[in-house]
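Shown next, in structure tokens, is the structure this report addresses.
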Amino acid sequence: MTQLESRAPVLSIDIGGTKIAAAVVNSKGTILAKDRVATPDTESDSSLCDAVEGVARGILAQAGMSLDDIATVGVSSAGIIDTGKGIVVFSPNVAALRRTPLKSMLSERFGKAVKLGNDATLAALGEWEFGLKRSVSDMVYVTVSTGIGGGIISGGRLLDGACGAAGEVGHMTIDVNGPECPCGRHGCWESLAAGRAMAERTVKRLEDGDASIVGELCGGDMEKVDAHLVAIAASQGDALAKEMVATTAYYVGIGLANLINIFNPQIILLGGGVTKIGPSLLEPAARIARDRAYVTWACEVEIRSTFLGDDSPLLGAAALAMDGR
């Protein structure tokens, strides 16, 4: 990445499975205005773009601005992105994004240049550019939420890969005989350490007859069990829920150890809903990662929660939009 060159604010958009967020961001990384709407339940890419355009124009009005005041547009999207072609190849949680030429579609609507990237990759960029303020040259960002994603800064550069799809750390194999992942493969890190995996393990134990207040918290509806509910139960001292958090921490740590060995980062930043469980998950995960990582014998790595929180993808999209490339 070059130094950020744009002095005019940029429009930043983050498209996820449950929400579409938009913000107006200045060159210092200050969010001038921000809003979000629910991601429409549609398979139509045009309808999705309608929602994106709606929240974007709304946020500009909130900031007292128009598209004429905006330099460029940065878009963060969940899924596999072909950045060279500006296409979302596949997004597992957004049905409208299947071989979708999102870059050109939004550029036509906004009349502005659009830059597109993967949400977790851009979250890494946002954390590096505006959180760490480029104080390190090698870092890894990991989001542990319903799924797992990541982004890598190596030698002071965002690692893109051959077609912009680098950083899909959630789909490295941890256990060849492990559970099936939403991607269709078995034993991915995501299938063991993500929020969905925690919920599925908990439901199985409840169905096997284990006692837990999780059953009461979900009102007996197992479909309502998620990582947040398990975390609430654990915070109230529930033995099964605490075990589920510990198991998830173990698998998070195993994956982090692999990333330490591969990328030798100075720092790993952890974001996403599951990491909000806090020290009971983060501390054992970090300890396991350091114990199992070979390269920590040579140099220590800092493992901590993000600086920017849920704004990481939005600010990463803004940094991408501001970049002079």
| said: Counting C-beta onward and ignoring hydrogens, is there a side-chain heavy-atom pair between Ser47 and Pro40 closer than 4.5 Å? | reply: no
| remark: Residues Gly156 and Trp128: closest non-hydrogen pair is O-CH2, 3.3 Å
| task | Step through the shown structure and confirm whether more than 12 heavy atoms of other residues, nucleotides or ligands are within 6.0 Å of NE2 on His171. | result | yes
| message | Show the nearest heavy-atom pair for residues Leu97 and Ser77, with the distance to one decimal. | response | CD1-OG, 3.4 Å
| note | Quick note, side-chain hydrogen bond (donor to acceptor under 3.5 Å, both in side chains) partners involving residues 275-286, not counting sequence neighbours, are Lys276-Asp310
| query | What about Val73 and Ile15, same hydrophobic cluster or not, with Ile/Leu/Val/Met/Phe/Trp/Tyr joined at side-chain heavy-atom distances under 4.5 Å? | reply | yes
| said: For Phe307, does the six-membered ring have the charged nitrogen or CZ of Arg304 within the cation-pi criterion, i.e. under 6.0 angstrom from the centroid and within 45° of the normal? | reply: yes
| said: If you define the side chain from C-beta out and look only at heavy atoms, does anything of Asp311 sit under 4.5 Å from Ile31? | reply: yes
| field | By salt bridge (Lys or Arg N to Asp or Glu O under 4.0 Å) - contacts of Lys103 (at least two apart) | value | none
| message | List the residues meeting side-chain hydrogen bond (donor to acceptor under 3.5 Å, both in side chains) with Asn258, not counting sequence neighbours, and say none if there are none. | response | none
| query | Quick one: do Ile13 and Ile81 end up in the same hydrophobic cluster if we chain Ile, Leu, Val, Met, Phe, Trp and Tyr together by side-chain heavy atoms under 4.5 Å apart? | reply | yes
| request: Sequence neighbours left out, what pairs pass side-chain hydrogen bond (donor to acceptor under 3.5 Å, both in side chains) with at least one residue falling in residues 10-19? | output: Asp14-Lys19, Asp14-Ser76
| field | Minimum-distance pair of heavy atoms, taken over all atoms of Met322 and Val25 | value | CE-O, 3.8 Å
| request: Report the residues that fulfil side-chain hydrogen bond (donor to acceptor under 3.5 Å, both in side chains) with Glu168, sequence neighbours left out, ordered by chain and then residue number. | output: none
| message | Is the shortest side-chain heavy-atom distance between Glu190 and Arg196 below 4.5 Å? | response | yes
| request: Output, in order, the C-alpha distance, side-chain angles, deciding distance and verdict of side-chain contact (heavy atoms from CB on, under 4.5 Å) for Leu308 and Glu127. | output: CA-CA 6 Å; Leu308 304 179; Glu127 289 286 344; 3.3 Å; yes
| said: Under the side-chain contact (heavy atoms from CB on, under 4.5 Å) test against Leu116, which residue among Val88, Thr83, Leu106, Asp82 passes? | reply: Val88
| So, do Arg99 and Val89 sit near enough that their side-chain heavy atoms are less than 4.5 Å apart? | yes
| query | Taking only residues at least two apart or on different chains, which pairs with a member in residues 42-62 satisfy salt bridge (Lys or Arg N to Asp or Glu O under 4.0 Å)? | reply | Asp50-Arg109, Glu53-Arg57, Glu53-Arg109
| query | Has Glu180 got more than 12 heavy atoms of other residues, nucleotides or ligands less than 6.0 Å from its CD? | reply | yes
| query | Do Ile59 and Leu315 share a hydrophobic cluster (ILVMFWY, side-chain heavy atoms under 4.5 Å, transitive)? | reply | no
Run the side-chain donor-acceptor check on residues 260-274: report pairs under 3.5 Å with partners two or more places apart or on a different chain.
| residue | atom | partner | partner atom | Å |
| --- | --- | --- | --- | --- |
| Asn261 | OD1 | Tyr294 | N | 2.8 |
| Asn261 | OD1 | Val295 | N | 3.2 |
| Gln266 | OE1 | Ser137 | N | 2.9 |
| Gln266 | OE1 | Ser137 | OG | 3.4 |
| Gln266 | OE1 | Asp138 | N | 2.9 |

Taking only distance into account, with no hydrogens and no angle test, what donor-acceptor pairs under 3.5 Å do side-chain atoms of residues 213-224 form with protein atoms, sequence neighbours excluded?
| residue | atom | partner | partner atom | Å |
| --- | --- | --- | --- | --- |
| Asp221 | OD1 | Glu223 | N | 3.1 |

| said: As a quick check of understanding, evaluate side-chain contact (heavy atoms from CB on, under 4.5 Å) for Thr72 and Phe110, giving each step before the final call. | reply: CA-CA 9 Å; Thr72 52; Phe110 293 131; over 6 Å; no
| field | Asp226: partners by salt bridge (Lys or Arg N to Asp or Glu O under 4.0 Å), with sequence neighbours left out | value | none
| message | Are Ile277 and Val142 connected into the same hydrophobic cluster when the rule is that any two of I, L, V, M, F, W, Y join if their side-chain heavy atoms are below 4.5 Å apart? | response | yes
| If you group Ile, Leu, Val, Met, Phe, Trp and Tyr by side-chain heavy-atom gaps below 4.5 Å, do Val37 and Leu60 land in one group? | yes
| query | At what distance, to the nearest 0.5 angstrom, does CG of Asn177 lie from NE2 of His186? | reply | 9.5 Å
| request: Look only at the side chain of Arg98 and the backbone of Val94, and say whether a donor-acceptor pair between them is shorter than 3.5 Å. | output: yes
| remark: Between Ala21 and Leu314 the two heavy atoms that sit nearest each other are O-CD2, 3.8 Å
| request: Taking salt bridge (Lys or Arg N to Asp or Glu O under 4.0 Å) as the test, write out the residues that go with Arg290, two or more places apart. | output: Glu300
| request: Output the distance between atom CG (Asp323) and atom CG (Leu125), rounded to the nearest 0.5 Å. | output: 8.0 Å
| Is there a side-chain contact between Val245 and Thr247, using heavy atoms and a 4.5 Å cut-off? | no
| field | Side-chain touch Ile20/Leu48, heavy atoms, less than 4.5 angstrom | value | yes
| task | For the residue pair Leu11 and Lys112, establish whether any side-chain heavy-atom pair is separated by less than 4.5 Å. | result | no
| request: For Ser91 and Ala78, indicate whether the former's side chain and the latter's backbone hold a donor-acceptor pair under 3.5 Å. | output: yes
| Tyr250 and Leu281: CA distance, side-chain angles, deciding distance, side-chain contact (heavy atoms from CB on, under 4.5 Å) verdict | CA-CA 9 Å; Tyr250 170 79; Leu281 182 135; over 6 Å; no
| query | Under a 4.5 Å cut-off applied to non-hydrogen side-chain atoms, are Pro179 and Leu192 in contact? | reply | yes
| request: Kindly indicate, with the supporting measurements, whether the criterion side-chain contact (heavy atoms from CB on, under 4.5 Å) is fulfilled by Asp238 and Lys242. | output: CA-CA 6 Å; Asp238 182 78; Lys242 290 171 67 176; 5.8 Å; no
| task | Could you name each residue pair satisfying side-chain hydrogen bond (donor to acceptor under 3.5 Å, both in side chains) that touches residues 199-210, not counting sequence neighbours? | result | Arg201-Thr248, Lys204-Asp208, Arg205-Asp210, Arg205-Glu243
| query | Which heavy atom of Ala317 sits nearest a heavy atom of Leu122, and at what distance? | reply | CA-CD1, 3.9 Å
| note | Contacts of Asp119 meeting salt bridge (Lys or Arg N to Asp or Glu O under 4.0 Å) (sequence neighbours excluded), chain-then-number -> none
